[in-house]
Amino acid sequence: MSNPAVPPRSLAEALRARDDVSLAALLRARPDLITPVPTDLTQLATRAGTRASVVRALERLDRFALQTAEALAVAADPAPYGELLALLTGDDGDPAVSAALPRALGTLREQALVWGDDDRLRLVRTARELLAPSPQHPSPTGLGPTVQEATSGMSPGRIQDIVTAAGLGSTHDAVSAVASLTALFADRGRMSALLAGLPEESREVLSRLVWGPPYGQVTAEPAVHLRRLLDLGLLVPTAPGTVVLPREVALHLRGGRAHREVEPLPPAVEPAATHRPQVVDATAAGQAYTALATVEELLKDWDEGGPAVLRAGGLSVRDLKRTAVALDVAEPVAAFWVELAYAAGLLASDGEADERYAATPAHDEWLEQPPAQRWTRLAEAWLTATRVSGLVGGRDAKDRTLSTLGPGLDRSAALEVRHRVLTLLAGLPEGASPSKESVLARLRWERPLRGPQRGDDLRSRLAEWTLTEAELLGVTGRGALSGHGRALLGASAPKTPDKAPAGPGDKLPVHHRPTVTEPLSAAEQATASAAAARLLAPLLPEPLDHVLLQADLTAVAPGPLQRSLAEVLDVLADVESKGGATVYRFTPGSVRRALDAGQAASDLHAFLAAHSRTPVPQPLTYLIDDVARRHGHLRVGAASAYVRCDDDALLNEILADKRAAGLRLRRLAPTVLAAQADPASLLDGLRAMGFAPAAESAEGDVLITRAHAHRTPPRTAPEPVPDGPPVPDATLLSAAIRAIRAGDLAATTPRRQTDQPQPATGELPRTSSAETLATMQAAVLTGEALWIGYVNAEGAASQRVIAPIRVEGGFVTAYDHTADEVRTYPLHRVTGVAELAED
């Protein structure tokens with residue numbers, strides 16, 4: 001480890017001076033740095049400076065940390081802390097910025113974007129290149145190049161003319177002339193006097209460029225007030241017809257500020273309304289029950305096989321519309337429920353030749369669970385999903401329409417945005433619902449580079465969809481996070497913030513701090529879901545075991561019904577209306593449907609009597625008896641098709657009916673009619689004529705028609721698309737840091753000086769086999785440590801520091817300081833060996 005008294009000369013030395021806790025914080029904040037694990041700290045520093053890694057790190061900065069990095073990019077390199085503070089606070093100062101700057105600078109240091117002591121702060125080179133002003137990539141600060149950069153292509157004579165016009169003494173070379181001009185522009189007093197002597201038109205031109213963009217256009221013969229600015233170097237030509245305002249001039253006109261508006265503190269999430277927590281929980285529980293009922297209805301509608309899968313994958317627009325009508329919701333809401341069931345593993349494609357969507361075997365298991373547990377499964381799937389139903393109907397990069405259950409709906413940012421929005425809701429007082437605008441403003445402050453500065457970027461749309469979907473699912477009620485929703489997140493109720501913050505880092509209440517909460521681990525989520533189920537269960541309505549039969553051949557279910565009762569009623573009656581109370585209507589067709597399913601009239605009478613709180617109306621009794629008396633009197637079989645009946649008068653009536661002409665019936669015997677239609681068409685035709693025929697088998701038995709549930713093979717729920725490498729856990733971090741430290745020890749341990757040429761830094765030592773064996777054997781006798789190069793069976797090369805214990809049979813057994821354990825290495829895989837310095 002380097003001497004802490006000596007300032008680091010590189011990012012690698014700065015990382016070498018960190019302790020394990022600080023390194024772990026870096027790797028946790030930037031997990032891409034250990035994919036794979038670097039061999040030493042020099043490689044870690046190199047990887048931390050690559051463009052892809054730096055861009056990813058910058059995208060995860062909040063607005064003030066990013067503004068701090070942008071200010072460093074336009075400051076001197078290196079820059080003292082005072083210069084950085086002055087660029088952020090300006091001449092007038094800003095106590096809020098002064099208090100927040102140590103925290104922002106600490107974030108940049110932790111993520112290895114800034115290194116060095118406070119008197120020599122350095123932004124990593126790649127970050128400076130990305131954030132510094134250039135004609136191709138203007139800086140967010142609106143500043144232009146320095147005087148030195150702007151005049152780099154200017155002739156020495158022209159530079160001397162500018163110096164003379166500014167009232168400075170002529171110099172013997174262009175470098176000193178530029179330095180003299182820079183000193184003038186940086187001197188507030190002299191600069192104010194220089195600007196005071198300008199005409200009003202010249203100052204107006206400077207005011208238009210001061211906050212950027214710093215570039216302007218001039219003609220070949222500029223006006224007098226523009227010529228004056230060019231003569232003084234307050235505007236510098238960069239190309240024919242183009243001038244730029246030097247950075248030092250702009251900073252003077254801005255009062256020393258690098259940014260027009262500095263935002264050291266995140267905008268607060270403001271409550272739009274406050275409700276009693278009991279009202280919020282009851283409303284959310286009602287929505288949770290509706291969510292369960294909707295998903296059940298969707299899967300019941302697809303129970304015998306749902307819509308066909310498009311050739312390109314997904315659900316057709318027509319099938320989505322049909323599903324929306326069946327669920328009595330809008331199409332975007334129907335897309336959400338379909339995607340939610342898919343994310344929960346309850347439906348999938350069956351994979352057959354004529355591929356269709358259907359319920360999975362997991363759906364049957366899900367139906368057997370208590371309602372609260374079924375809800376937590378849906379809520380967990382929603383929390384972890386990266387498929388975004390709100391994109392349905394839009395266009396992908398190839399201008400193809402995005403369809404429900406189709407490809408292209410995954411957005412890796414969805415998981416982070418969803419958890420962040422819910423965390424912000426959890427930070428509000430219980431019963432408080434936030435305003436959408438304040439939530440969006442907060443998200444834009446926390447991730448300013450993740451989307452453009454407007455309200456229609458992806459993250460803003462994801463946040464809006466999160467608020468809507470949380471309400472549909474019952475995670476929130478009336479816009480406020482419910483008690484079971486809070487438990488699902490593993491969050492406790494917010495405490496009232498202290499009036500006196502402890503320090504600069506605690507200027508905000510706990511729920512206003514710009515920390516992004518990571519999703520819970522699998523074990524933590526299981527515990528949180530169990531707690532949510534316990535809170536939700538008492539709030540869900542108890543299923544009823546009865547209905548109210550009425551004389552108009554309807555039955556009213558005053559609440560949710562037990563599943564067994566609902567399943568029988570769905571066959572025996574047609575649903576007429578839904579809502580707080582479901583109304584069922586009994587018709588001849590619905591009663592016949594129940595008889596076709598194998599029920600007898602006596603079974604239906606007993607069922608209604610057992611489950612009705614009111615007496616069974618006489619019209620309903622007559623309806624069942626009348627349909628049952630005629631049910632099966634006619635028998636339809638396959639000849640191609642035939643009708644047989646013991647009552648030849650009834651067959652005569654059918655033959656005489658004009659509606660039977662399409663069936664092309666003819667009499668084969670007094671009790672048998674033959675048809676040229678298939679049995680199914682014949683059944684439908686006779687039923688349309690008002691008869692109640694029954695199908696029969698080849699043996700003459702009545703066929704009982706029951707719906708056959710169609711299930712897919714076992715399917716797993718779709719995997720979320722990660723937003724980059726996963727955050728490493730404590731075990732992986734510990735192992736990675738040990739490996740990096742050990743590799744760094746091997747790479748930096750001093751070698752003993754010999755007459756032989758020494759390998760360059762990072763290269764493996766190279767010695768002959770005989771020299772390697774002799775050095776190993778000598779080290780066994782003396783107990784000295786050696787530096788070796790080693791290539792493993794996969795061809796990966798590494799440097800190691802070992803203390804040989806035994807050399808025999810072509811192997812060396814040694815204590816490996818790099819791995820901190822005793823290991824045995826084949827000698828033929830050792831590239832070379834070198835002795836270490838005695839100190």
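All residue numbers refer to positions in the sequence shown, counting from 1. Side-chain atoms are counted along with the backbone in the values below, which use heavy atoms only and exclude waters and symmetry mates.
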Assess whether side-chain contact (heavy atoms from CB on, under 4.5 Å) is satisfied between Trp337 and Leu340, documenting all intermediate values.
-> CA-CA 5 Å; Trp337 293 121; Leu340 179 62; 3.8 Å; yes
Would a distance-only check, ignoring hydrogens and angles, find a side-chain to backbone donor-acceptor pair under 3.5 Å from [X] to [Y]?
X	Y	answer
Thr404	Leu315	no
Asp574	Arg585	no
Glu469	Phe336	no

Can you tell me if [X] and [Y] form a side-chain donor-acceptor pair at under 3.5 Å?
X	Y	result
Arg30	Ser53	yes
Asp32	Thr35	no
Asp281	Ser482	no
Asp319	Ser316	yes

Does atom CZ of Arg395 have more than 12 heavy-atom neighbours, drawn from other residues, nucleotides or ligands, at distances under 6.0 Å?
-> yes
Could you tell me whether [X] and [Y] have a side-chain N and a carboxylate O separated by less than 4.0 Å?
X	Y	result
Asp350	Arg711	no
Arg478	Glu471	no
Asp303	Lys300	no
Asp396	Lys398	no

Calculate, to the nearest 0.5 Å, the distance between atoms CZ and NZ belonging to Arg318 and Lys321 respectively.
-> 9.0 Å
To the nearest 0.5 Å, tell me how far Leu292 CG sits from Leu378 CG.
-> 6.0 Å
Let me see the working for Leu440 and Glu464 under side-chain contact (heavy atoms from CB on, under 4.5 Å), right down to the final yes or no.
-> CA-CA 8 Å; Leu440 298 182; Glu464 294 178 15; 3.6 Å; yes
Go through the steps for Leu553 and Thr587 under the test side-chain contact (heavy atoms from CB on, under 4.5 Å), then give the verdict.
-> CA-CA 8 Å; Leu553 297 179; Thr587 65; over 6 Å; no
Assess whether side-chain contact (heavy atoms from CB on, under 4.5 Å) is satisfied between Arg447 and Glu416, documenting all intermediate values.
-> CA-CA 11 Å; Arg447 293 288 185 270; Glu416 179 201 335; 3.4 Å; yes
Hey, mind stepping through His710 and Trp302 against ring-ring contact (aromatic ring centres under 6.0 Å, His included) and telling me if it holds?
-> CA-CA 8 Å; His710 179 63; Trp302 292 8; over 10 Å; no
